[in-house]
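Note sheet for the following structure.
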Amino acid sequence: MMFPMAGEQALLTGLDEEQRAAVLAARGPVCVLAGAGTGKTRTITHRIAHLVGLGHVAAGQVLAVTFTQRAAGELRGRLRTLDAEAQTGTGVGAVQALTFHAAARRQLRYFWPRVIGGSWELLDSKFAVVAQAAARARIQTSTDDVRDLAGEIEWAKASLITPEQYAQAVAKSTRDVPMDAEKVATVYAGYENLKARNETHLLDFDDLLLHTAAAIENDAAVAEEFRDRYRCFVVDEYQDVTPLQQRVLQAWLGPRDDLTVVGDANQTIYSFTGATPQFLLDFSRRFPDATVVRLERDYRSTPEVVSLANRVIANARGRVAGSRLHLVGQRDPGPEPVFSEHTDEVAEAAAVARSIRKLVDSGTPAAEIAVLYRINAQSEVYEEALTEAGVAFQVRGGEGFFSRQEIRQALLALQRAPEPVLGAELPAAVRELLEPLGLTAQPPTGTRARERWEALDALADLVDEEVALRPELDLAGLVAELRLRADARHPPVVQGVTLASLHAAKGLEWDAVFLVGLTDGTLPISHALAHGPDSEAVEEERRLLYVGITRARVHLALSWALARAPGGRQGRKPSRFLSGLNPHAPAVESGSRSRRPKPGNARCRICNQRLTTPTAVMLRRCETCAADVDDELLAQLKDWRSRTCKELKVPAYVVFSDNTLIAIAESLPTDDAALVAIPGIGSRKLEQFGPDVLDLVRARK
Ligand code: ATP
Ligand code: MG
């Protein structure tokens, strides 16, 4: 059924010349090499609508595949919108847009009785069978080891590597393996055996793809039936294809060449799962007749953001880098990206939270703002800073810090610890208690084990800070404080600011993006640097930064901190990827307005000595200098605070820390200006609590 010319016209307006060339290309191989935000997805959806609309192929004969459920949903949504907008009446909205796995699962269900027969069961998780295989081989494993072993098996299968080939393949790669490669190979072989020997066939997700490919490759009747059903294939984000998925795609196609692929090799950030841009880069070699279109106009980001993205990727090396495209920003100019250096992570998070607050106050919806980091454990300080700033957020691609399994286990372990420990001994005691949970002196190898380590390490840091602020804490008090913090975190809200790792941010976009924690050792991450400064692992880290930058439509902020904890040694350096990119010498932002101020040039208001601890800075005098606290007022302030936090259901620190209350009871502020001069009191707290506090001060006898 052909659609009216008006529909066709509507389809083609709103496309630039190159996009139109890709849409109008005759059926056959088409490769769109498109940078971020250049309209890749728009182009393929329009191409499908065009081919269907002109009757070149029926909607039901098109199979559009991609890699994540989210991306598949996005494709389906856009096809439906196109159908409605262009009033094509062709049912292009009914085109199948699926992940590789979902497509294979459907096909296998249909062909299985004919090609293999008997029943089969899909293994939702490899865990139990991997653990069993390890136990049979007498290999001792922790829960994390089993997860990491499962990850290795997934990578090997996605890369079409057999157990026999595993050790050699790993030696050639830049993988961090959880244990000796021979042992991994043994578990891998045992795992495959156990599945095959089971009464009902057990299939994991990778087996769905393997069996689908094999069914079509080995059975001519199956191949014919399948190929009659699907005639036209489209793949989005083709740089993410694994050798196994490519094999399936090849089986689907057979000798035909009706395939459209789009991708950006410079956004390859999933190599550790087996994804490779090789097939995208080799496309025109495999299909010499292919129409190859390059899209360079970036419709997503301002020219300022686009320029920074171009400069970051210009420094890339290696084969992938050779395919980079120079993006040309199409939007109206906007603000320059902001670079800022901070003394410590707490100050960095506080500054980011303040900027976000300002954006929200001036009308940017929270859902249009994201904070992106390299590892999930980095979310902790941002969850806290945003909670304190009263900004709702959601943690994407992972739970909030306190919901993580290892953090819940850690809190239980601390709670059950028999010995009473106090003050200065607390940080060391906590590290000792966390050691059996995985907080070893050095980070372990193995992805999952390292993630656990990073989260526990962040918790230990949090304890250090807590104890520095409240030296009187004992273990029970500390656990109570941590639980209060956990409870105070906002429940996840869909409309909040997004906190996500750079990996989880792929394909998404926001008006404002904050790229945080950009230090050498975090981005590029230290285990990538361990492979050498020019290694492929470091290049992948550079691409992560590129992906991060290109998520921003208008506002982009890049930041890093010289020390981890307030008052800590400032030994960090900004990411090597930023060198030469920051046009302005970065101003070191002081954390003076942050909850945990850092010692700097502040001097004691009593003896004029330089102040050396965060507590002293907060009090604006040496801790040892005679205090002129109005004790009665302090008691009243504490009383007011406990009523207020009960009312608001927040822990005490969200209102004011002890030190802030002491500073108020010493300096007796009588107006707003005097109140905000006290470290720890920003404009939001002034607005929320200022009137109460000033009333109390004024009412003193
Ligand atoms: P990603 O790399 O994130 O997958 P993409 O290349 O798939 O991005 P799209 O999501 O298709 O890019 O497009 C980015 C934005 O630019 C979308 O909001 C899209 O509607 C818009 N856009 C694309 N092409 C045009 C065009 N020719 N005119 C106006 N806007 C466009
Ligand atoms: Mg896209």
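Just so you know, ligand 1 is whichever comes first in the structure, and atom 1 is the first atom listed for that ligand. Side chains are part of it too, since the values below use all heavy atoms of this structure and drop only hydrogens, waters and symmetry mates.
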### Task
Would you check if Arg300 and Gln330 make a side-chain contact, meaning some heavy-atom pair closer than 4.5 Å?
no
### Task
Could you verify whether a donor N or O on one side chain and an acceptor N or O on the other, from Arg47 and Thr260, lie under 3.5 Å apart?
yes
#### Entry: For atom 27 (N) of ligand 1, the protein heavy atom that lies nearest, with its residue and separation
Gln19 OE1, 2.9 Å
### Query
Are Gly37 and ligand 1 in contact, using a heavy-atom cut-off of under 4.0 Å?
yes
### Distance filter under 4.0 Å to Thr38 heavy atoms, resulting ligand 1 atoms
6 (O), 12 (O)
### Message
Tell me whether Glu237 reaches ligand 1 (any heavy atom closer than 4.0 angstrom to a ligand atom).
### Response
yes
### Query
Going by atom types alone, do Glu17 and Gln19 pair a side-chain donor with an acceptor below 3.5 Å?
no
### Query
Contact between Arg78 and ligand 1, counting heavy atoms under 4.0 Å?
yes
### Message
Using a 3.5 Å distance criterion without hydrogens, assess whether the side chain of Ser307 forms a donor-acceptor pair with backbone atoms of Pro303.
### Response
no
#### Entry: Side chain Arg374, main chain Gly517, donor-acceptor under 3.5 Å
no
### Task
Answer yes or no: does atom CZ of Arg106 have more than 12 heavy-atom neighbours from other residues, nucleotides or ligands under 6.0 Å?
no
### Message
Show the atoms of ligand 1 that are less than 4.0 angstrom away from any heavy atom in Gly35.
### Response
6 (O)
### Query
Have Ser271 and Glu540 got a donor and an acceptor in their side chains that come within less than 3.5 Å?
yes
### Query
Any idea which of His46, Arg300, Glu509, Glu18 brings a heavy atom closest to atom 3 (O) of ligand 1?
Arg300
### Task
Determine whether the side chain, the backbone, both or neither of Glu74 has a heavy atom under 4.0 Å from any heavy atom of ligand 1.
neither
### Query
Identify the closest protein heavy atom to atom 9 (P) of ligand 1: which residue and atom is it, and at what distance?
Gly39 CA, 3.6 Å
### Task
Hey, can you tell me if His101 and Phe205 have their rings parallel, tilted or perpendicular (30° and 60° cut-offs)?
perpendicular
### Message
Any atom of ligand 1 sitting under 4.0 Å from a heavy atom of Arg297?
### Response
no
### Task
State whether the side chain of Gln267 and the backbone N or O of Val547 hold a donor-acceptor pair below 3.5 Å, judged by distance alone.
no
### Query
Are any side-chain N or O atoms of Arg20 and backbone N or O atoms of Leu12, one a donor and one an acceptor, separated by less than 3.5 Å?
yes
### Message
Using a 4.0 Å cut-off to any heavy atom of Asp16, which atoms of ligand 1 qualify?
### Response
27 (N)
### Task
Indicate the ring-plane relationship of Phe283 and Tyr238, choosing parallel, tilted or perpendicular according to the 30° and 60° boundaries.
perpendicular
### Donor on one side chain, acceptor on other, Ser559 and Glu348, under 3.5 Å
yes
### Query
Less than 4.0 Å between atom 23 (C) of ligand 1 and some protein heavy atom, yes or no?
yes
### Message
Below 3.5 Å, N or O to N or O, backbone or side chain included: is there any such pair between Leu15 and ligand 1?
### Response
no
### Query
Which protein non-hydrogen atom lies closest to atom 29 (C) of ligand 1, naming both residue and atom, and how far is it?
Tyr299 CD2, 3.7 Å
### Task
Would you mind running through ligand 1 and noting each atom that sits below 4.0 Å from a heavy atom of Arg551?
3 (O)
### Message
Distance under 4.0 Å to a non-hydrogen atom of Gln267: what atoms of ligand 1 satisfy this?
### Response
2 (O)
### Message
Return the closest protein heavy atom for atom 2 (O) of ligand 1 as residue, atom name and distance.
### Response
Lys40 NZ, 2.9 Å
#### Entry: atom 19 (C) of ligand 1 [closest protein heavy-atom partner, distance rounded to 0.1 Å]
Arg42 NE, 3.9 Å
### Query
Below 4.0 Å from any atom of ligand 1, is there a heavy atom belonging to Gln330?
no
